[in-house]
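A, B, ... follow the sequence lines: proteins, then strands. Residue 1 opens every chain.
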Number of protein chains: 2
Amino acid sequence: MQAICLQDKSLKFIDNFPQIQPQYDEALVRVHLAGICGTDLELVKGYYPYNGILGHEFVGEIIKAPTAPERIGERVVGEINISCGICDSCVTGLTTHCQRRSVLGILNRHGAFAEYLCLPLKNLIPVADTISDEAAVFTEPLAAALAIQQQVHILATDKVLVIGAGRLGQLIAQTLALTGCDLQVVARYDKQRRLLATRNIISIKETQIQTDYDIVIEATGSTEGLTLASQIVRPRGTIVLKSTYKGKTLLDFSKIVVNEIKLVGSRCGSFKPALQLLEKKLVDPTILIEFSYHLNQALEAFDFARQSGKFKVLFKII
Amino acid sequence: MQAICLQDKSLKFIDNFPQIQPQYDEALVRVHLAGICGTDLELVKGYYPYNGILGHEFVGEIIKAPTAPERIGERVVGEINISCGICDSCVTGLTTHCQRRSVLGILNRHGAFAEYLCLPLKNLIPVADTISDEAAVFTEPLAAALAIQQQVHILATDKVLVIGAGRLGQLIAQTLALTGCDLQVVARYDKQRRLLATRNIISIKETQIQTDYDIVIEATGSTEGLTLASQIVRPRGTIVLKSTYKGKTLLDFSKIVVNEIKLVGSRCGSFKPALQLLEKKLVDPTILIEFSYHLNQALEAFDFARQSGKFKVLFKII
């Protein structure tokens with residue numbers, strides 16, 4: 001099968017990757033569309049020593065399911081954490097933190113930039129007919145954006161700032177806007193501001209940032225973003241860390257203590273609420289799509305996605 | 001009046017400090033006992049450029065109250081943050097975060113290492129007759145320890161670790177023990193372990209620290225303590241930062257994000273619950289008292305308090 005592999009930090013299109021086969025309780029999925037995410041770009045840079053087929057944002061169709069033949073033909077998206085079901089984290093319901101987990105296209109599990117992928121049946125969630133492939137492929141990052149609201153109670157009376165208006169920042173902004181909170185998004189580029197404006201979301205420049213935000217979402221993954229967040233959040237306010245940070249980051253923790261600030265690390269979310277939002281058309285991630293490539297254009301696609309100010313780049317596989 | 005002053009990082013006993021007088025709505029308090037806290041030691045080291053009478057842990061008696069003569073004779077402790085009552089923080093009830101606050105013996109307000117101090121009447125809380133001066137002088141740090149439970153819901157089913165068994169760590173341990181949680185306290189010194197044992201609190205050595213704690217209280221203020229906390233707390237667990245940190249601290253924030261850890265900065269607490277615990281004899285801070293000095297033994301007292309492994313040093317003023 002065709003696939004895009006990462007091998008020793010080198011990205012390669014492989015025309016004849018050995019066909020993968022589902023294990024017991026897994027399904028084989030024919031991938032329709034897959035999206036390049038910031039994590040993929042970081043993996044290529046060597047953020048984590050992963051070798052294998054890249055990609056974890058996808059929509060596809062179940063074409064083989066040895067233990068559940070009735071599910072063949074289902075159009076599905078897939079939860080990316082494959083959990084053991086028996087460790088301490090799993091038995092307390094924190095399956096995304098399974099101590100023995102593999103993660104699609106990120107950790108010990110071939111990913112979605114291929115004609116086929118395998119996932120446990122329990123990870124595969126059906127997609128309603130009214131949701132297009134182009135929208136469904138955003139389920140995973142949309143779920144990650146929604147995780148913020150699973151972890152922090154955001155009120156319509158809250159003054160909220162999102163730092164960063166890139167791929168994830170835009171989805172975070174769209175989901176936060178639904179709470180009716182007083183929302184501002186720091187956007188560097190005109191294009192980011194235009195996209196936010198199409199959803200009636202207020203964007204501001206860095207020079208317009210105020211103080212005393214109840215909640216600040218840090219979506220840049222930079223030391224500057226984190227420092228800024230700690231300076232503009234109100235006492236007893238909350239900072240949500242919604243990006244991965246490379247290496248160690250310096251922070252003035254006395255400010256965190258004196259102002260009694262809460263920092264909340266946030267990673268993956270649940271797929272079902274994300275699919276609900278898509279079905280009800282309450283968010284529209286498709287405005288972020290820049291371009292679709294074929295798998296054999298891997299290097300070109302990654303080069304394009306890597307350019308600053310670019311939003312979502314897809315691989316159209318079927 | 002006699003007082004211990006900090007002037008340009010230099011500690012001085014002054015025999016004839018000008019007598020202070022209460023402003024409108026303030027009271028003059030004759031100080032009975034005052035305690036040296038870690039913050040006092042840090043102020044002397046220059047952690048914050050404070051000049052004036054030091055000290056913020058005290059118990060005393062109201063001897064002058066121009067607008068409330070009926071309160072003269074009350075034995076009191078005092079909330080250390082003097083708030084304006086009209087700023088954004090005050091009107092939302094966060095008076096300890098008042099944007100124009102002064103803080104007794106810490107910021108723009110002469111402190112408690114003196115024969116007399118002044119505080120607004122609303123800051124002065126009466127002490128029940130059944131609470132000794134020696135216990136009441138611990139109200140402020142005990143309130144700070146209890147702040148943890150105002151900010152984080154600790155369950156009897158939680159596995160909790162306190163890193164640091166010094167002055168504040170001991171009080172934190174005594175208050176946490178009341179929740180019935182599975183509590184362990186990392187203690188370096190035999191004396192720390194003995195004090196914990198008198199309250200039936202389990203102490204462990206650094207080599208005995210486990211993993212997967214639901215809640216970790218970091219009470220050392222060190223980079224090592226913070227790093228350790230981030231490594232041993234369970235995914236979706238909580239780290240409470242209960243100490244001041246000097247300068248900037250390096251932390252691996254990717255661990256905070258990937259494990260979705262919550263960090264909570266914690267500073268001051270409410271006095272009334274602290275006084276309730278003292279009245280019901282549910283905690284006993286007096287076991288921490290090392291020695292009482294006179295005000296004119298200021299340098300000696302601070303030198304003693306600064307020695308590692310020392311707990312509470314008091315000034316006996318009346």
Max heavy-atom pair count under 4.5 Å with chain B, selected residue of [options]:
{"options": "L241(A), V258(A), T249(A)", "answer": "T249(A)"}
{"options": "E260(A), K248(A), R267(A)", "answer": "E260(A)"}
{"options": "T244(A), T96(A), L251(A)", "answer": "L251(A)"}
{"options": "I261(A), T238(A), V264(A)", "answer": "I261(A)"}
{"options": "A147(A), P235(A), S243(A)", "answer": "P235(A)"}

- Within a reach of under 6.0 Å around CG of L178(B), are more than 12 heavy atoms found that belong to other residues, nucleotides or ligands?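 Atom CG in L178(B) is packed in, count exceeds 12.
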- Item | Within 6.0 Å of CG in L41(B), more than 12 heavy atoms from elsewhere |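 Yes, enclosed.
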Taking the side chain as everything from C-beta on, heavy atoms only, tell me whether [X] gets closer than 4.5 Å to [Y].
{"X": "S254(B)", "Y": "V257(B)", "answer": "no"}
{"X": "T92(A)", "Y": "R236(B)", "answer": "no"}
{"X": "K246(B)", "Y": "E42(B)", "answer": "yes"}

- Passes side-chain contact (heavy atoms from CB on, under 4.5 Å), Y48(B) versus V103(B)? Steps please. CA-CA 12 Å; Y48(B) 184 88; V103(B) 187; over 6 Å; no
- Note on the structure: One option among Q99(B), K255(B), Q151(B) has the most heavy-atom pairs under 4.5 Å with chain A, and it is Q151(B)
- Is there a donor-acceptor pair under 3.5 Å between the side chain of Q149(B) and the backbone N or O of T179(B)?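 Side chain of Q149(B) to backbone of T179(B), a donor-acceptor pair under 3.5 Å: no, none is there.
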- Residues of residues 156-174 of chain B within contact distance of chain A, non-hydrogen under 4.5 Å: none
- Query: To the nearest 0.5 Å, what is the distance between CG (L183(A)) and OH (Y213(A))?
  - Reply: 10.0 Å
- Task: Take K242(A) and S266(A) through the side chain to side chain donor-acceptor pair (under 3.5 Å) test and state the conclusion after the steps.
- Result: CA-CA 5 Å; K242(A) 196 67 220 188; S266(A) 178; 2.8 Å; yes
- Side chain from CB out, backbone as N, CA, C, O: work out which of these in I239(A) comes under 4.5 Å of a heavy atom of chain B, or both, or neither.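 No part of I239(A) comes within 4.5 Å of chain B.
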